[in-house]
Amino acid sequence: SSCEILIDLPGARSGETGIPLEHPVSRLEPTERCVRVAPVDETHPALGRTDDKVADRRCLKGIGSAGHSVRLQRMSDMNEMITEHADVHLREPVLIAAFRGWNDAGDAASFAAIHMGRSWSASKVASIDPEEFYDFQVTRPQVKLADGITRQITWPANEFWAARFEERERDIILLVGTEPNTRWRTFTELVIDVARRHGVKMAVTLGALLADVPHSRPVQVTATAADTELVQSLGLQRSRYEGPTGIVGVLHDRLATAG
């Protein structure tokens with residue numbers, strides 16, 4: 001089961017398809033770790049989806065009609081997209097997810113998740129490789145100085161943090177990340193895969209939206225759920241929102257269908 005929490009705050013690239021190629025290509029030929037694209041003479045406007053048989057390859061290489069090597073879409077095995085940092089045993093943990101970006105007005109959702117992780121002394125157990133899910137010209141990595149001398153690059157992160165509670169029946173997994181730019185369906189499958197590995201039985205997504213509310217009044221918190229029993233037992237409501245959504249909405253829907 002899953003539920004979604006939205007906080008009203010006061011306040012006013014391409015994926016796997018349509019990659020244009022400078023040099024025309026034709027068939028895909030598997031190699032040891034990559035696939036090779038053979039040249040053709042006719043104009044090829046764009047490369048569509050790769051064949052499912054090579055979708056788990058680490059990368060693609062293109063050979064243009066003039067013999068030039070062209071790097072195409074990097075494809076990774078899903079297991080390689082997740083890095084395990086620790087092997088922990090958790091008791092039917094609850095997954096709490098928050099993402100920086102469209103669903104994080106005033107950083108309220110991501111800050112709440114980070115605060116919970118610090119308060120509960122959570123430890124990092126897994127992370128998702130950002131390479132497949134971001135347009136780094138849109139979501140740029142950050143550079144900082146370590147000790148005032150060494151420059152370090154910080155890439156957009158999606159990390160899972162575990163918190164154990166001896167006095168409670170369930171533990172917690174926190175997912176704190178940045179809304180991806182591409183391949184949302186693959187991204188949500190990775191999240192569900194990690195959740196299943198750790199035996200997650202319930203998921204809560206956090207979000208924050210700008211709204212026309214007076215700053216002098218308490219911040220309004222709205223909780224919705226997809227499960228009818230959960231709605232009734234916790235006194236929640238079903239969301240009637242229609243319109244654009246972010247990764248929180250997509251993940252919430254996928255969690256509901258995954259059970």
Side-chain angles (χ1 to χ4, degrees), residues 7 9-15 19 33 58-61 69-88 95-164 172-184 186-188 190-191 193-195 198 204-210 215 219 246-248 250-251:
I7 304 172
L9 293 179
R13 177 154 34 138
S14 66
I19 306 174
R33 290 295 294 171
R58 190 63 183 170
C59 62
L60 297 178
K61 286 184 178 179
S69 178
V70 183
R71 183 169 180 83
L72 308 178
Q73 180 74 18
R74 184 171 181 260
M75 304 292 289
S76 292
D77 182 271
M78 289 188 64
N79 290 331
E80 295 178 351
M81 297 182 189
I82 300 175
T83 300
E84 299 285 349
H85 299 278
D87 184 14
V88 295
L95 172 66
I96 302 176
F99 299 89
R100 304 174 187 88
W102 195 74
N103 290 111
D104 193 27
D107 297 335
S110 59
F111 178 81
I114 292 172
H115 175 71
M116 285 187 282
R118 291 173 177 172
S119 299
W120 297 334
S121 299
S123 58
K124 184 164 65 174
V125 295
S127 59
I128 297 177
D129 185 349
E131 186 71 17
E132 305 290 345
F133 302 103
Y134 294 95
D135 178 347
F136 293 127
Q137 289 184 322
V138 177
T139 305
R140 292 183 178 272
Q142 300 291 314
V143 62
K144 64 179 182 179
L145 294 178
D147 302 326
I149 300 176
T150 306
R151 293 169 63 86
Q152 294 182 345
I153 300 294
T154 302
W155 298 92
N158 288 279
E159 299 173 334
F160 297 85
W161 297 75
R164 301 188 62 183
I172 297 290
I173 294 180
L174 292 164
L175 168 55
V176 184
T178 301
E179 182 178 66
N181 301 123
T182 63
R183 304 183 68 187
W184 284 16
T186 301
F187 182 86
T188 55
L190 291 176
V191 174
D193 180 58
V194 174
H198 293 282
V204 179
T205 57
L206 304 179
L209 303 176
L210 293 175
H215 70 277
V219 175
I247 190 62
V248 169
V250 174
L251 178 60

request  = Show your working on side-chain contact (heavy atoms from CB on, under 4.5 Å) between Phe136 and Glu131 and close with a plain yes or no.
outcome  = CA-CA 9 Å; Phe136 293 127; Glu131 186 71 17; 3.8 Å; yes
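- The minimum heavy-atom distance between Glu84 and Val125, with the atom names listed, is OE1-O, 3.4 Å.
- The minimum heavy-atom distance between Ile82 and Val194, with the atom names listed, is CD1-CG2, 3.6 Å.
- Nearest heavy atoms, Ala122 versus Ala163: CB-CB, 4.2 Å.
- Side-chain atoms of Tyr134 come within 3.5 Å of backbone atoms of Thr178 as a donor-acceptor pair (strictly under, hydrogens ignored).
- For the side chain to side chain contact (heavy atoms under 4.5 Å, CB included) with Phe99, the lone residue among Thr205, Leu175, Val176 that qualifies is Leu175.
- At a threshold of 4.5 Å between non-hydrogen side-chain atoms, the residues Phe160 and Ile128 count as touching.
- Counting heavy atoms from C-beta on, the side chains of Arg151 and Leu145 come closer than 4.5 Å.
- Taken from CG in Asp193 to NE2 in His198, the straight-line distance is 9.5 Å, to the nearest 0.5 Å.
- Annotation: the span from Phe133 atom CZ to Ile247 atom CD1 amounts to 9.5 Å, rounded to 0.5 Å.
- Remark: Glu132 CD to Arg183 CZ distance equals 5.0 Å, nearest 0.5 Å.
- A distance of 6.0 Å separates CE in Met81 from OG1 in Thr186, rounded to the nearest 0.5 Å.
- Scanning all heavy atoms of the two residues, the minimum distance from Lys124 to Trp161 falls at N-CE3, 3.2 Å.
- Of all heavy-atom pairs between Leu174 and Ala113, the closest is CD1-O, 3.7 Å.
- Rounded to the nearest 0.5 Å, atoms CG (Leu251) and CG (Asn103) are 10.5 Å apart.
- Residue Asp129 holds its CG atom at 9.5 Å from CD of Glu80, rounded to the nearest 0.5 Å.
- Summarising the geometry of Gly246 relative to Glu179, their closest heavy-atom pair is CA-OE2, 3.3 Å, with the distance given to 0.1 Å.
- With Asp135 contributing its side chain and Asn181 its backbone, the two residues share no donor-acceptor pair below 3.5 Å.
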